[in-house]
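Here the structure is a predicted model, which is why all the values come from computation and not from measurement.
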Amino acid sequence: MGNALPPYLASLNPEQLEAVRHQGRSLLILAGAGSGKTRVITTKIAYLVRERGVEPESVLAVTFTNKAAKEMRDRAASIESTCSRAVMRTFHSFGAWFLRRNAAAAGLDPNFTIYDDDDQATLLHGLLPQNTRSECKAMVQAISRAKDLGLEPDSPDLSSAFSDPGMRRIYDMYDRKLRKTGNVDFGDLIGLPARLLREDEAVRRRTRQRFRVILVDEYQDSNVAQFELLRLLAGTGDADGSAGAYLCVVGDDDQSIYRFRGAEVRNILRFPEIFPGTDIIKLERNYRSFQSILDVAGDVVSHNAGRIGKKLVAERLGGAKPALSLLDDQDSEAAYCVKVCRERVKAGGRWSDVAILYRTNAQSLTFEKEFPRLGIPYRIVGASRFYDREEVKDALAYLALLCNPRDEVAFKRVVNKPTRGIGETSVDILLEAAGGGAFAGGAFAGDLLSASAEAGESLKGKARAGIKDFLGLVSGLAGLLDAPAADGETLALLVQRLIKASGLVEYHRAQDEVAGTQKVANLDEIANAASLYPRSREGLSTFLETIDLDRSLASEEAAATDAVTLITMHNTKGLEFPVVIATGLEQGLFPRDDEEGEELEEQRRLFYVAVTRAKDELHLTSCRWRRLHGRLFETGPSRFLSEIRGDLIQATAARRADARPVGAVPSPYGARPQPGVPGPRPGAGPREASPWRAGQAVYHDDYGSGVILKVSPTPSSGPLVVVRFETGRQAQFFPKFTTKLEIQKG
């Protein structure tokens, strides 16, 4: 009886228990899909505190989303309540926490705000007014990639990583300007703590004494800069011979699918090499899917060379073979999906049991058109983000300026919004006054509000009156922020006063009436969100930080709706559904023909992630014809389908053998026949002369910056241009019919 395990440990399987009780050397927990990794890491935190006497304050646990961090905290605390005192955050949230507590050493104001992509582009455009805003966005994205790679403006490797000869100069200008504002961008939340730990011995010693246990969830999603921060925090293997912290990372090399965001799969593949003596424990028991589903996923991903290797074993017995349907076109594909959905509901299931997965967002269009007509309820995951909307960003800019009067981007956004007669020339005068104080060590030191109060007297007419009105507004809001709060008063009072006194409500109400939008309702929603925070400067700082780190509202109502889920394969990570239909398995689409080497291996991992979302049923679809911009292109089955053993799937060919449809053109993908499944007809003729070419940087008004992957001729519509955007989205365009896609200069 004395050796009996406590209930929270007794329910673990042998591998999970071994991982939880492990101590001493560094540990890599290789956790396959559906193997209970979250349970293991949260139980391990509780075990260390409860059974091993580890002080909760000495535990640092990091992951990649606020939702995951909250779940980690709640689950660990449900076992051992004192675990709530541990530091459990996202990488970026930890970086912000660390910098605010070491602000003086980092050369920052503790009330700094965090710039998003739009703020960064505005800042850079102020330095490079001769460049278009789209060009500045592209430059900012390159700077963000450099920071993800741990590269600074003076890093020797910067030139080899980026071919643009002006990159170093622009990066240096941007970073110097950003430092003057007193703010940071997302890359700084990782890079600046790493630099401080590397260069400041006192901070390094104090931090390492604090954190003796470090755990990382979803380690396969870490980038180069995050790895360097982790190494500096842990101190394991340092030249000084120190033992360092106990380091435990949990991840799955087969689920590393965010290379386009900077994730580096080699971080997990090389972990045992970088931290010698590392123990590896594999969690291979799958509690989600039937073995028939896991075998399909395993067959494809096993073709990757860059993996540690594991084989998932299902705990659930039974299960039908996954179905592969070879269809005519996407209309047939939609009809097939409708059939699967209706059969599920007819058998007693719910619409929400079914998820339809696709590689690109554009593939959802057919379902969006057909489902309402046929009475199929659906929801799309990945809609535009709440905190990125114009009216929301306007209100947040006012709040950011209250928090930090040196915030140039916030100042420029709202000083004349709604219009107060303050033109660009007047704004430049005010910025120059603040900048002069900062550069010369003058009284303003970059404080835009103080500089505006003095320099505004030199303005004339409407501009002078407008800046006086603006400063009066901000002063009144600052007074409310600093006044003692009555019982029950929250930050919502400040937000409500702000949106009314600033004129934002009336300004956006007028737009609502014209466009039928809900901008005023969104402004009200900001006040609702602010009601969770105290009316104080600390409360405002925390509120803005929370928004900056997670700019999307959780849609609990949508999640509870009984509707079919339409979702990209990338967005399914971490989710599960009873029935999964993976659509668009055509060569050139998934994967693309230009994807080889590491890119192809990542696409296999994406297939693995998509397939392992299925609990009960898996359906795979491949179309012979794919419609793009109103025309049909001939395709071939994905090469991934030929990597699955024939006995693992139940294939049905619903394709017609007759002539190609009227108006169809050859495949832009250059698809090739695959063993065991019907192949395409011959490809296209010679390429037309065109200003568009593979490798060119482009910008699209809706999708942002991207790179041309492939250019294919068509008989009458000009070249078809296939573009991959920085967001990971892939789209195809006929430049002849759009003005939104432009070639980046230089």
Side-chain angles (χ1 to χ4, degrees), residues 113 116 118-119 122 133 383-405 407-431 448-449 452-453 456 459-483 485 489-533 535 539-540 543-544 547-548 551-553:
T113 54
D116 64 9
D118 193 52
D119 297 329
T122 300
R133 186 170 178 83
S384 61
R385 298 179 298 176
F386 178 84
Y387 288 114
D388 284 343
R389 295 169 186 168
E390 177 197 7
E391 65 279 8
V392 175
K393 295 199 71 160
D394 291 343
L396 294 179
Y398 274 104
L399 294 174
L401 193 59
L402 281 173
C403 196
N404 178 8
D407 192 332
E408 181 178 319
V409 170
F411 178 86
K412 289 171 70 174
R413 184 178 186 97
V414 298
V415 68
N416 195 41
K417 190 170 189 182
T419 181
R420 299 183 177 91
I422 308 170
E424 290 186 12
T425 301
S426 297
V427 171
D428 288 342
I429 291 172
L430 301 176
L431 293 176
L448 288 156
L449 300 178
S452 297
L459 301 180
K460 297 180 180 180
K462 290 184 178 179
R464 183 175 180 178
I467 195 63
K468 186 176 181 180
D469 176 64
F470 174 73
L471 292 173
L473 166 68
V474 175
S475 176
L477 293 171
L480 177 61
L481 182 63
D482 294 328
E489 268 189 8
T490 69
L491 195 62
L493 179 65
L494 176 73
V495 175
Q496 290 166 339
R497 180 81 57 84
L498 157 66
I499 60 178
K500 291 179 181 177
S502 66
L504 286 179
V505 166
E506 293 304 317
Y507 175 79
H508 288 296
R509 179 175 287 125
Q511 295 189 46
D512 279 352
E513 291 172 358
V514 172
T517 51
Q518 295 182 325
K519 294 178 179 290
V520 172
N522 291 335
L523 289 172
D524 291 338
E525 190 60 37
I526 302 173
N528 292 338
S531 66
L532 301 175
Y533 300 84
R535 179 168 60 78
L540 176 58
F543 176 56
L544 291 174
I547 292 171
D548 288 329
R551 287 179 171 263
S552 60
L553 289 178

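Results of the side-chain hydrogen bond (donor to acceptor under 3.5 Å, both in side chains) test with E390 over R413, H508, K417 single out K417 as the only residue that passes.
A donor-acceptor contact shorter than 3.5 Å links the side chain of S452 to the backbone of L448. The backbone N or O of L493 lies less than 3.5 Å from no partner atom in the side chain of R535, so there is not a single donor-acceptor pair.
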Steps toward side chain to side chain contact (heavy atoms under 4.5 Å, CB included) verdict (Y398, L494): CA-CA 11 Å; Y398 274 104; L494 176 73; over 6 Å; no
Step-by-step side chain to side chain contact (heavy atoms under 4.5 Å, CB included) determination, L532 to T490: CA-CA 7 Å; L532 301 175; T490 69; over 6 Å; no
R464/S426 under side chain to side chain donor-acceptor pair (under 3.5 Å): CA gap, chis, key distance, verdict: CA-CA 9 Å; R464 183 175 180 178; S426 297; over 6 Å; no
Worked verdict on V495 versus Y533 for side chain to side chain contact (heavy atoms under 4.5 Å, CB included): CA-CA 11 Å; V495 175; Y533 300 84; over 6 Å; no
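We find the CG-CG distance between L498 and L477 to be 5.5 Å, quoted to the nearest 0.5 Å. Between atom CG of residue L491 and atom CD of residue Q496 there is a gap of 10.0 Å, rounded to the nearest 0.5 Å.
Between I499 and D394 there is no side-chain heavy-atom pair separated by less than 4.5 Å.
Between the side chains of T113 and D407, at least one donor N or O lies within less than 3.5 Å of an accepting N or O.
The residues R133 and D118 are annotated as salt-bridged, a charged nitrogen and a carboxylate oxygen being separated by less than 4.0 angstrom.
Between L504 and L523, the shortest heavy-atom distance links the atoms O-CD1, 4.0 Å.
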